[in-house]
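Report on one structure; see the data block that follows.
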Amino acid sequence: MTHKRYDIKSYPGFLQITLLCLFVLYAPLIVVAIYSLNASASIAVWEGFSFRWYVDVFTGPESAKFKTAARNSFVIAIIAATLATAIATLAATAMVRGGKFRLRAWSFGLISLPLMVPEIVTAVATLIFFNSIGFDRGLLTILLAHIAFCIPFAYLPISARMQGIEDSYEQAAQDLYATKRQAFTKILLPLMLPGIISGFLLAFIISLDDFIITNFVKGAGVETLPTAIFGAVKQGIKPNIMAISTMLLGFSVLMVLISYLVSRTDKTS
Amino acid sequence: MAGGATSGGNAVTDTYKEARNWLLLPAWVTLGILVLAPVLLMLVYSFLTKEFRGGVIWEFSLAAYDQFFFDRGLFGDDPAKIEWTYIAIFWRSIWQAGAATILSLVIGFPTAYFIATRPEKQRVIWVFLITIPYWVNLLIRTVSMRFLLRDEGPLNSFLMTTGLVDAPIHMINTNFAVQVGLFYSYLPFMVLPIYAAVERYNFTLSEAAADLYANKWITLRHILLPAVKPGVVAGCILVFVPSLGSFLAPDLLGGAKNFMIGSLIEEQFKGNAGNWPFGAAASMILLTMVLIILVIYARAQARSDKEAG
Amino acid sequence: MKKLLTTTAAATALLMGATGAQAEGKLAIYHWFEYIPQDLLDKFSKEHDVEVIMDTYDSNEAMLATLKAGAIGTYDVAVPTDYMVSILIGEGLADEIASGELSNIGNVKAAFTDPAYDPGLKHSIPYQGGTTSFSVDTAEYTGDIDSTDIIFNPPEELHGKINVLDSQGEVLALAAVHMGIPQCSTDRDQLKALNDMLQAAKPHWASFNSDTAKEVLAAGDVVAGMIFNGYAAKARETRETLKYAYPKQGWVNWMDSVVLLKDAPNRENALKFMDFLLEPENIAQVTNFARYTDVVEGTAEFIDPELASMHESNPPAGIEGVFVEACDAETQAVYDKIWTNLKK
């Protein structure tokens with residue numbers, strides 16, 4: 001890189017704005033992480049460093065509620081992400097490998113529908129739907145709603161990955177007398193694995209993250225982590241909520257790291 | 001490039017051609033039943049009669065849309081005037097979402113540009129840093145912001161101990177707090193598309209301009225900006241659309257006093273109002289607005305693709 | 001693909017297991033937020049081998065909306081306020097308790113066995129009674145606080161520093177008290193005046209919140225805020241300068257009740273729970289936690305002595321509070337409109 005080119009590219013103040021941007025993004029999270037280590041029961045005063053609120057999350061009076069909520073959240077996220085990924089993988093295969101066909105544009109529209117419809121509208125529509133068909137609300141209604149809106153999130157990385165794979169591999173396999181099914185399962189699927197993993201992780205996080213739709217379709221006494229946290233913070237932010245938030249923060253960072261490492265091994269191979 | 005999709009007519013495409021309807025079936029069924037059908041049902045509900053204290057009566061009625069657009073006084077028998085209240089709520093939402101979008105653009109563009117002009121290895125790390133907060137639960141981020149902005153919160157105590165201000169700045173439960181919350185929620189959506197556009201930008205164009213003694217800022221304005229415009233537009237839409245229907249930021253940061261569309265809709269189903277057809281009508285109006293924005297965007301995109309190709 | 005399917009099947013089984021009964025039975029309670037101590041629920045759970053699940057709401061109207069939006073048939077009991085009890089009964093959302101089904105019903109103090117909202121206690125048991133007015137931070141505002149002007153015609157110092165409950169029934173009832181008009185008025189001039197008065201007051205309010213009513217006062221986010229008396233006592237424990245007001249115009253009285261809901265999935269357990277709450281020792285725990293008043297005989301020995309003497313549970317003599325009234329559909333439509341005007 002020559003000196004001149006570098007000079008052309010750089011603008012004064014842009015570095016500062018970038019740092020400001022990072023500061024704005026991280027300041028609230030870091031503040032919460034720090035205050036989760038506060039020994040005081042009040043969020044307003046700092047009384048020294050302590051892990052007591054982390055202990056409280058697992059053993060305190062509200063621990064049972066949060067344990068159930070966490071279990072619900074993770075079970076729903078795993079099932080929803082798995083099914084959404086499976087559905088998205090099949091759909092992506094048809095959309096990318098199926099040539100041009102009349103329903104293609106409509107299918108694409110349908111798949112991206114959950115991305116286009118504002119979340120609150122999806123939530124209301126789903127509530128009306130379950131209510132009008134008399135479907136009892138509970139874990140299952142949350143799960144169904146989550147599968148649906150996770151599909152586009154799983155679909156995007158998978159189809160992007162598939163577009164990057166030449167079909168010559170499968171063609172070669174078929175030339176070597178592999179069956180169609182074998183060409184799909186032994187050639188295409190393994191090649192798509194990084195995309196599938198990214199899609200799964202994205203869907204998983206989206207499901208874990210959802211509050212609005214879950215809040216509308218959940219049944220009696222069924223809480224996920226976000227709805228439990230929302231219920232708790234409405235009456236004031238307590239230190240144990242900060243501890244839970246910080247743990248979820250750590251978990252999310254871990255997930256992104258995994259996703260990043262997966263995509264990196266893909267490049268090197 | 002997109003091998004399978006474009007080459008067409010070979011054995012592989014034929015294989016998937018036979019199977020493609022079966023492959024798409026699960027997606028059609030799931031999304032058709034769980035997203036499309038509910039949205040259509042909601043359209044139907046918006047034309048039904050409200051039941052006293054929640055629920056609907058299956059009788060056709062335009063009352064929901066009438067309530068939205070016309071004011072007939074407290075007792076419902078005044079001559080109809082235009083009802084500005086809900087239009088004002090939509091306007092406020094558009095304004096808030098717009099302000100958040102502009103704020104994101106002002107901060108997001110230089111950031112995206114800065115990152116895209118780093119050496120390749122550094123870029124990955126910068127992008128990583130920008131995206132991590134997005135992966136954190138939106139609720140948690142909004143709650144954190146609320147904690148930070150409180151009158152007696154960390155930001156005010158920091159400002160006061162450093163002597164920058166004498167009395168706490170009142171930020172929570174204001175429009176400003178909502179804008180900051182929206183900005184903070186969706187900022188990565190602004191940065192990433194712009195980053196992608198700038199990364200593809202051919203800097204020899206800027207060099208050529210510089211050789212012609214163009215000032216740096218003129219180059220930015222007239223050469224770079226038009227080239228990365230699709231990225232900027234995409235970023236703006238990705239921030240604006242979710243902001244428009246947001247619920248958490250107005251509720252937790254705005255004190256639920258000044259309604260935005262999301263809170264207005266929620267109130268019809270979970271709050272005091274209990275007017276389902278009206279909630280459905282408001283949802284349909286919001287959805288229509290969003291779809292119009294997306295269609296305009298898609299048209300413009302198609303046109304510029306045509307011009308480019 | 002096979003592996004995928006088996007994993008999913010296993011996970012689904014886990015999910016179903018998560019909802020399946022782990023205890024003898026279940027009890028689903030729909031309750032006001034921050035009202036009942038977890039210890040007491042645990043105690044009931046242990047005594048009767050019942051898994052207790054509880055959801056919370058922040059206003060009577062929100063509870064009604066949720067029940068009507070498909071939640072009826074999933075909860076066993078709810079805890080509405082007096083006027084909402086009669087609305088639930090009128091809407092057919094409450095189940096009838098046959099005589100003899102509750103063995104502890106005789107523990108209810110005589111004065112409360114035949115309330116107007118549920119004559120003869122056929123659907124509910126009284127739970128906790130109290131008042132609703134507002135608290136003011138006397139360190140920030142030194143004027144007279146015992147007037148509804150604080151909320152509806154606030155002095156300049158309080159502008160933008162007031163929180164109002166997000167609860168239609170209580171706010172409109174207190175507004176009626178402020179204006180000295182009946183609650184279910186059909187007089188057009190009165191209704192217009194009420195609407196105008198609220199519209200004039202709204203710009204001075206900072207927020208509409210019920211579930212943060214205590215927090216915003218305790219944290220100093222607002223100087224004055226509508227609040228329930230027991231909740232006000234709790235707020236005062238954090239910020240000592242807060243004072244609960246007894247406006248000279250009057251305030252809102254209320255009696256929360258435990259209602260047996262229609263189509264309760266665990267009706268037996270719901271009745272057991274109601275009996276459980278009619279035992280002096282148990283209901284006293286709620287009283288001590290929520291800091292309101294119960295109406296069960298023999299609770300005196302279990303109750304925190306401080307409760308009897310505290311300011312929040314001792315309204316001045318000579319002024320009466322009012323109960324929220326349930327209006328008929330036509331009248332209610334106007335009040336709904338006034339509330340919508342206020343909220344939008």
Side-chain angles (χ1 to χ4, degrees), chain A residues 8-9 14-15 17-18 21-22 24-25 28-29 31-32 44 87 90-91 93-94 96-99 107 110-111 113-114 116-121 124-129 132 144 147-148 151 163 166-167 170-171 174 180 205 209 211-212 226 229-230 233 237 245 248-249 252-253 255-256 260, chain B residues 2-5 8 10-13 15-17 20 23-24 26-27 30-31 34-39 41-42 45 107 110-111 113-114 117 128-129 132-133 135-141 143-145 147-148 152 154 184 187 203 206-207 210 244-245 247 262 265 269 279 283 286-287 290 294:
Chain A
I8 280 176
K9 283 186 181 179
F14 277 24
L15 168 65
I17 293 178
T18 306
C21 181
L22 287 179
V24 172
L25 285 175
L29 301 177
V31 165
V32 164
I87 293 170
L90 298 179
T93 312
V96 178
R97 288 286 196 261
S107 301
L110 189 60
I111 289 168
L113 197 61
M116 297 190 289
V117 179
E119 218 185 336
I120 184 86
V121 177
V124 165
T126 316
L127 170 77
I128 289 178
F129 177 69
S132 72
L144 288 171
I147 293 170
I151 290 175
Q163 278 169 13
E166 299 269 346
D167 61 4
E170 294 145 84
Q171 213 161 353
Q174 287 192 11
K180 291 165 182 176
I205 288 274
D209 195 59
F211 166 73
I212 296 178
I229 293 174
F230 185 78
V233 296
I237 306 168
S245 302
L248 265 180
L249 169 78
S252 303
V253 172
M255 295 284 286
V256 192
Y260 169 69
Chain B
N10 64 36
V12 173
T13 310
T15 307
Y16 292 114
K17 237 182 213 164
R20 68 189 172 206
L23 289 171
L24 277 168
T30 320
L31 292 165
L34 292 171
V35 183
L36 190 59
V39 169
L41 187 66
M42 190 175 69
Y45 263 56
I107 305 269
T111 306
Y113 181 89
F114 178 80
T117 51
F128 198 54
L129 282 175
I132 283 179
W135 295 103
V136 179
N137 198 304
L138 178 61
L139 175 66
I140 290 175
R141 284 185 290 151
V143 168
S144 309
M145 194 50 111
F147 176 67
L148 191 69
E152 297 180 357
Y184 170 60
L187 182 61
F203 272 95
S206 296
E207 267 177 61
L244 205 53
F247 167 72
I265 294 172
F269 292 91
S283 303
L286 170 63
L287 182 59
V290 169
L294 292 178

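Because the structure is predicted, anything quoted here is derived from the model rather than measured. Just so it is clear: chains get the letters A, B, ... in the order the sequence lines come, proteins before strands, and each one is counted from 1.
Of all non-hydrogen atoms in A:Ser132 and B:Leu41, the two that sit nearest each other are OG-CD2, 3.2 Å. A:Ile120 and B:Gly245 get closest at one heavy-atom pair: CG2-O, 3.5 Å. A:Ala125 and B:Pro38 get closest at one heavy-atom pair: O-CB, 3.5 Å. Contact between A:Cys21 and B:Ile107 at its shortest, heavy atoms only, is CB-CG2, 3.7 Å. Here the closest heavy-atom approach between residue A:Ala148 and residue B:Val35 is recorded as CB-CG2, 3.8 Å.
For A:Ile212, the part lying under 4.5 angstrom from a heavy atom of chain B is the side chain only. Residue contact with chain B, scored on non-hydrogen atoms closer than 4.5 Å, involves the side chain of A:Ile205 exclusively. Contact of A:Val117 with chain B is made through backbone and side chain together, with heavy-atom distances under 4.5 Å. B:Leu148 touches chain A through its side chain: at least one heavy atom from C-beta onward sits under 4.5 Å away, while N, CA, C and O do not. With a threshold of 4.5 angstrom between heavy atoms, B:Leu294 approaches chain A through side-chain atoms but not through N, CA, C or O. B:Leu129 touches chain A through backbone and side chain together, each having a heavy atom under 4.5 Å away. If you measure heavy-atom distances from A:Leu144 to chain B, the contacts under 4.5 Å come from both the backbone and the side chain.
To the nearest 0.5 Å, the span separating CG on A:Leu90 from CZ on B:Arg20 amounts to 15.5 Å.
By the 4.5 Å heavy-atom criterion applied to side chains, B:Val143 and A:Ser245 are not counted as neighbours. Between A:Val32 and B:Ile140, the closest side-chain pair of non-hydrogen atoms is not below 4.5 Å. Looking at B:Pro110 and A:Thr18, their side chains never come closer than 4.5 Å, going by heavy atoms from C-beta outward. Taking the side chain as every heavy atom from C-beta outward, A:Pro114 and B:Leu31 approach each other to under 4.5 Å.
Per-residue heavy-atom pair counts under 4.5 Å with chain A were compared for B:Pro133, B:Ala37, B:Ala27, B:Pro26, and the maximum is reached by B:Pro133. Of the listed residues (A:Ile151, A:Ile17, A:Leu127, A:Ile111), the one with the most heavy-atom contacts under 4.5 Å to chain B is A:Ile17. With chain A as partner, the option from B:Arg141, B:Met145, B:Met42 having the largest number of non-hydrogen pairs under 4.5 angstrom is B:Met42. Between chain B and the residues A:Thr93, A:Thr126, A:Val253, the most heavy-atom pairs under 4.5 angstrom are made by A:Thr93. With chain B as partner, the option from A:Leu248, A:Ile147, A:Leu15, A:Ile229 having the largest number of non-hydrogen pairs under 4.5 angstrom is A:Leu15. When each of A:Val31, A:Leu25, A:Ile87 is scored by its heavy-atom pairs under 4.5 Å with chain B, the top score falls to A:Leu25. Chain A forms the most heavy-atom pairs under 4.5 Å with one residue out of B:Thr30, B:Ile132, B:Leu139, and that residue is B:Leu139. Among A:Leu249, A:Ile128, A:Leu22, the residue with the largest count of heavy-atom pairs under 4.5 Å with chain B is A:Ile128.
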Chi angles and distances behind the side-chain contact (heavy atoms from CB on, under 4.5 Å) call for A:Val121, B:Val290: CA-CA 11 Å; A:Val121 177; B:Val290 169; over 6 Å; no

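Under the ring pair (Phe, Tyr, Trp, His ring centres under 6.0 Å) criterion, B:Tyr45 pairs with B:Trp58, not counting sequence neighbours.
Using cut-offs of 30° and 60° for the angle between ring planes, the B:Tyr113 and A:Phe14 rings count as perpendicular.
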